[in-house]
Every structure is written in C-alpha cells, then in structure tokens.
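Before I ask anything, let me first share the structure, which is written out below as structure tokens.
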Amino acid sequence: MAEEQMDELMKIFPVKLREILSQVTWYREDLEEIRIRIQRPVQFVTSQASFYLDPREKRLMTQAKGGLALGEEDLREMLTYVCEYSRYAYARQMRQGFLALDGGIRLGLCGQYMAEEDGRIGMEYPMYFSIRIPHEKKECAAWIEPWLIEGETFLHTLILAAPGMGKTTFLRDLVRVLSDRPTCRGLALIDERYEVAAANFGIPQNDVGIRTDVLDACPKAKGLMMLIRSMAPEVVAADEIGSQEDLEAFTYAMRCGCVLFATVHGSSFRE
C-alpha cells in the first residue's frame, strides 16, 4: 500500500482506530482489504492471512478474540469523515453500495437499506465496511502484448481466472499497455464498480493509459451502447462480464467493429 493511500485511510478512520494504528509497526505492502463490522474485531486482510489489532499491547495479532472492535458511534464518526460532513452529497453514490475514495480505494457499504420517497432504495444505517486497496502492478501484462495483436489490429481477448487471482489487476495494466501504444486510436473502459480506473468524481486514480476514456458507475451493457455512440472506441474493456445482457451488448459491439477486452470468473475453460 502506497503512503498516500495510508494517509487517505487515516483521514477517514474514527479517532479510536486512528490512535492505535499510529502506534503499530506493521508491513502495509501486502494489505488488500480492511473489514470493519460493528462490535466485531477490525480485520486486516493480506494475500496470506488476516490480522487484528491488540488494543492493549498496541500490536498486530493473528487471533480475532480480543481484537479492537468499533461501536455504533465510531462507525457514524467514520461515515462523517468519508462523506466530508455532508452525507446528502454522497447519497447517490451510497445507493450503489460503495464509495470511491482518493488513491483508488473502494469503500463497500452494508447495513440497513430503506425505501426513499421517490421509490429508490437508500443506505440508512451502514454498519459494515469493506475497504479494498488496489495494487497497481505496472508491466505485469506487458509480456502478453505481442500475442494480442496481428499487424496493428488488436484481437478480442477474454481473461479467465478464479476469484482473487488478479484478473482486475491484469486487465488494468493491459488497458494501460495497449492505450499507450502509438497506434491505438482510442480505448474505452467501462468501470462499473470503480475497481479498474478507480475514478473519484470522474478522475482516474489509477493509470489506465493516455488514450483511455473512462465511463464509471454505469452498468456494462448500457455503458457499452453509450460509448459506441459517443466515443467511437477502437477497443472496449470491461471487468467481470457474465449476465445475458452483458453478452448481448458485447455481441452487438463486435458487430459494430469494436475489439473487446474483458474478464470473467472461471476456474477452467469448461466452466
């Protein structure tokens, strides 16, 4: 985790958690996720294990029992910091179940939803937070570039892997690599859940290349149609396709001459 990402997290954490973290020595590079649940130990997840905070000894430990837990007031305090003291300004994002923060950090929300006057569903009492920390691994996809091009023509590409194997990280770098090719006319990225470009108010927090147009917070099928009409991209990239609507939209895009790059969950070609 980059230093600026840690600074961003410290700004949104409640004071109780912030004070203890400032006294703990730990390795942050492998941190992938932080899970905060009301009245449950705060969980720090790496690729290898989970850790918890010992509030007495001010250290990390592998057992959850006795770990620092946050109460209702702590979580309300955290939400206040996240929304910059204006929850109303973030209400639209919160309806999606997550918020995009600086540094590419994605904050998932869970709790009690309630119907609003206009019939929409809004998050009323978020008491569970999933903080996902992206790791840009530049050049991780550079080796495959020659296999995806014939002459100067990009080839349709599907990235297949089981959950947690790095599909999104690989796609992000692949988009960057192809977008930075001098012969690339334009690449459009549909980032429905802010996980690839991780845009915050439209500004990408991750490097997705110099010729990439980003459409975020939009369903993939609808976004694809919008991009074809508005941006005329040479290549369209999307993360985690799978619904019938996605497949129909991508088939239409292929007929329109777009090259498609996408990821899909699967442990094998048969699956």
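All residue numbers refer to positions in the sequence shown, counting from 1. The analysis underlying the following values was restricted to heavy atoms, covering all of them including side chains, and did not include hydrogens, waters or symmetry mates.
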Discussion item. One pair to check against side-chain contact (heavy atoms from CB on, under 4.5 Å): L31 and F44. What are the steps and the verdict?
Written reply: CA-CA 7 Å; L31 187 63; F44 297 83; 3.9 Å; yes
Item to complete: Output the distance between atom OG (S267) and atom CE (M165), rounded to the nearest 0.5 Å.
Response: 9.0 Å
Discussion item. A side-chain contact here means heavy atoms from C-beta on lying under 4.5 Å apart; do T212 and V214 qualify?
Written reply: yes
Worksheet entry | Value rounded to 0.5 Å, distance of CD1 in I133 from CD in E32 | 9.0 Å
Worksheet item: Should I159 and L189 be regarded as members of a common hydrophobic cluster, given that ILVMFWY residues are connected when their side-chain heavy atoms come within less than 4.5 Å of each other, either directly or indirectly?
Response: yes
Fill in: Beyond-backbone contact of I190 with V236, side-chain heavy atoms, under 4.5 angstrom
yes
Practice prompt. Any chance you could measure I34, atom CD1, to S50, atom OG, to the nearest 0.5 Å?
Written response: 11.5 Å
Worksheet item: For the residue pair F98 and Y194, is the inter-centroid distance of their aromatic rings smaller than 6.0 Å?
Response: yes
Worksheet, complete the sentence: Output for pair (I12 CD1, M10 CE), nearest 0.5 Å, gives 11.0 Å
Discussion item. Hydrophobic clusters here meaning ILVMFWY residues chained together by side-chain heavy-atom distances under 4.5 Å, can you tell me if V177 and V175 are in one?
Written reply: no
Fill in: Non-hydrogen atoms of I241 and V264 that approach each other most closely
O-CG2, 3.5 Å
Using a 3.5 Å cut-off and no angle test, enumerate the donor-acceptor pairs between side-chain atoms of residues 216-228 and protein atoms at least two apart in sequence or in another chain.
residue : atom : partner : partner atom : Å
K220    : NZ   : E192    : OE1          : 2.7
K220    : NZ   : D239    : O            : 3.4
K220    : NZ   : E240    : O            : 3.3

Discussion item. Can you tell whether the side chains of E234 and R211 come within less than 4.0 Å, N to carboxylate O?
Written reply: no
Discussion item. According to side chain to side chain donor-acceptor pair (under 3.5 Å), does anything in residues 33-42 pair up with another residue at least two apart or in another chain? List the pairs.
Written reply: E33-R35, E33-S130, R37-Q43
Worksheet item: How many angstroms lie between CZ in R106 and CG in L109, if you round to the nearest 0.5 Å?
Response: 9.5 Å
Practice prompt. Please list, chain by chain and in numerical order, all residues satisfying side chain to side chain contact (heavy atoms under 4.5 Å, CB included) with P14, sequence neighbours excluded.
Written response: L17, L70, D74, E77, M78
Practice prompt. Considering only NZ, NE, NH1 and NH2 on the basic side and carboxylate oxygens on the acidic side, decide whether R59 and D54 come within less than 4.0 Å.
Written response: yes
